[in-house]
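The structure appears below as structure tokens.
Every chain is numbered from 1, with letters handed out A, B, ... down the list of sequences.
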There are 2 protein chains.
Amino acid sequence: MSKTYSISDLANEFDITTRSIRFYEDQELLYPARRGQTRIYSSQDRVRLKLTLRGKRLGLSLAEIRELFELWDETRVGSEKQLLLMLNKISERRAALEQQMKDIAMMQLELENAEIRCRQALDELHDKEEFDEKHTGAPSPSS
Amino acid sequence: MSKTYSISDLANEFDITTRSIRFYEDQELLYPARRGQTRIYSSQDRVRLKLTLRGKRLGLSLAEIRELFELWDETRVGSEKQLLLMLNKISERRAALEQQMKDIAMMQLELENAEIRCRQALDELHDKEEFDEKHTGAPSPSS
DNA sequence: AAACAAGTTTACGTTAACGTAAAGGTGCTA
DNA sequence: TAGCACCTTTACGTTAACGTAAACTTGTTT
């Protein structure tokens, strides 16, 4: 028997609510087994959840994530049509990721710039303070 | 006089609706000038819009984007407190971007893998076809 | 002058992704 | 057996980010 998880195990591990996990099941992203009424998650289910959350961080909707899962599942018994469809989706996703990479790079440059300007402004504030002290014998009003 | 834009100029350029642009103004992300009733956007406004859309692609909410804009504006006349607050926000954003970079890298690896598996599956389908043709003298039913 | 394009405000509608009770089952343990 | 802790379903509420429609002004083309 391989490892299993309760719903709150997963909720704790990934820092989300059980409500979310049940909601993801409702949206057909997860298909946990049951013992009686209680849900039991396999490590497969755990991987799905992990992928789901990663997808979300990248801005995918739950519907899109589900579509990817479905395509991937169908690919295992896939006809040529299914396989080509999957390859299309893959290349779409790749293009989106490339755009995101560019966005992130841009953002990082701008943040870097912003940080430099902040530090300069801080330095100038402190220079001014020293100047004030020398000439008045007291710290500047800003402190 | 530097260049200005109408609302539909920007809507067309960035492929969004005028409704969205007005909504962003409502959320205090943009402050276009007016000629009579009509909005007139400066190239500054255009930059703001561009940054807004980039932020959205990275998963920021409009409220978060606005907060960053405000902080950045205040930074120009900033007290030490404001500057330090800005530096904090910057480092938060940077951390988030790093996480996203990791997510993207992971995703790319998985997509790469998926693509390879798809292509293999396709190859196997085609091998099978050739085999069928050799032994039946006719193309396989799948074509 | 009439029509047409592009702009405006106001306001209600919609979708996604949960939050938040309410009401109840199951199994341990003090 | 009473009380927890944890699980369940059902269902209504909420927020963000617009969509969509109505009713109106303003400028310009025929």
Side-chain angles (χ1 to χ4, degrees), chain A residues 3-42 45-46 48-70 93 96 99-100 103, chain B residues 3-42 45-46 48-70 93 96 99-100 103:
Chain A
K3 197 166 183 183
T4 66
Y5 309 83
S6 78
I7 192 167
S8 44
D9 284 347
L10 295 183
N12 287 326
E13 175 173 1
F14 294 112
D15 197 33
I16 56 182
T17 66
T18 60
R19 174 69 174 94
S20 297
I21 297 180
R22 292 198 193 94
F23 184 72
Y24 297 157
E25 180 179 348
D26 201 58
Q27 303 299 301
E28 305 181 80
L29 295 171
L30 299 172
Y31 304 93
R34 299 263 178 157
R35 182 170 51 213
Q37 282 235 103
T38 309
R39 278 165 254 250
I40 300 178
Y41 297 86
S42 68
D45 294 323
R46 206 188 75 118
R48 282 250 187 178
L49 181 53
K50 201 178 208 167
L51 289 174
T52 299
L53 297 177
R54 183 179 300 155
K56 286 205 60 185
R57 283 197 302 267
L58 294 177
L60 304 202
S61 71
L62 297 184
E64 288 171 317
I65 295 170
R66 175 190 158 185
E67 197 188 359
L68 285 176
F69 281 163
E70 280 179 358
R93 275 287 100 221
Q99 176 60 45
Q100 269 190 313
D103 285 338
Chain B
K3 199 167 184 183
T4 66
Y5 309 84
S6 78
I7 193 168
S8 45
D9 285 345
L10 294 183
N12 287 327
E13 174 172 2
F14 294 113
D15 196 33
I16 57 182
T17 65
T18 59
R19 174 69 174 96
S20 297
I21 298 181
R22 291 198 195 95
F23 184 72
Y24 297 156
E25 180 178 348
D26 200 57
Q27 303 300 300
E28 304 181 84
L29 294 171
L30 299 172
Y31 303 94
R34 301 262 178 157
R35 182 170 48 214
Q37 281 235 106
T38 310
R39 277 164 254 249
I40 300 178
Y41 297 86
S42 68
D45 292 325
R46 206 188 76 119
R48 282 252 187 178
L49 182 53
K50 200 178 208 167
L51 289 174
T52 298
L53 297 177
R54 183 181 300 155
K56 287 206 60 184
R57 283 198 301 267
L58 294 176
L60 303 203
S61 71
L62 297 184
E64 287 171 317
I65 295 170
R66 174 190 159 185
E67 197 188 0
L68 286 176
F69 281 164
E70 280 180 357
R93 275 286 99 221
Q99 176 60 45
Q100 269 189 314
D103 285 337

Closest to the 5' end of DNA chain C, once A:Tyr24 and B:Ile40 are matched to their nearest nucleotides, is B:Ile40
Would you mind classifying the nucleic acid contact of B:Thr17 as base, sugar-phosphate or nothing, using non-hydrogen atoms under 4.0 angstrom? sugar-phosphate
Main-chain N/O of B:Asp45 paired to B:Ser42 side chain as donor or acceptor, under 3.5 Å: yes
B:Gln27 side chain to B:Leu62 main-chain N or O, any donor-acceptor pair under 3.5 Å? no
For the side chain of B:Asp26 and the backbone of B:Arg22, is there at least one donor-acceptor N/O pair under 3.5 Å apart? no
For A:Arg39 and D:dT8, give me the distance from atom CZ to atom C1', rounded to whole Å. 7 Å
To the nearest angstrom, how far is A:Phe23 atom CZ from D:dT8 atom C1'? 18 Å
Heavy-atom check, side chain of B:Lys3 versus side chain of B:Arg46, under 4.5 Å: no
At 4.0 Å (heavy atoms only), tell me whether A:Arg34 reaches a base, stays on the sugar-phosphate, or touches nothing. sugar-phosphate
Using chain A heavy atoms and a threshold of under 4.0 Å, write down where along DNA chain C the contacts begin and end, 5' to 3'. C:dA17 to C:dT20
Using a 4.0 Å heavy-atom cut-off across all strands, classify A:Ser6 as base, sugar-phosphate, or nothing. sugar-phosphate
So with a 6.0 Å cut-off around CZ of A:Arg35, is the heavy-atom count from everything else above 12? no
Taking the side chain as everything from C-beta on, heavy atoms only, tell me whether A:Glu25 gets closer than 4.5 Å to A:Tyr41. yes
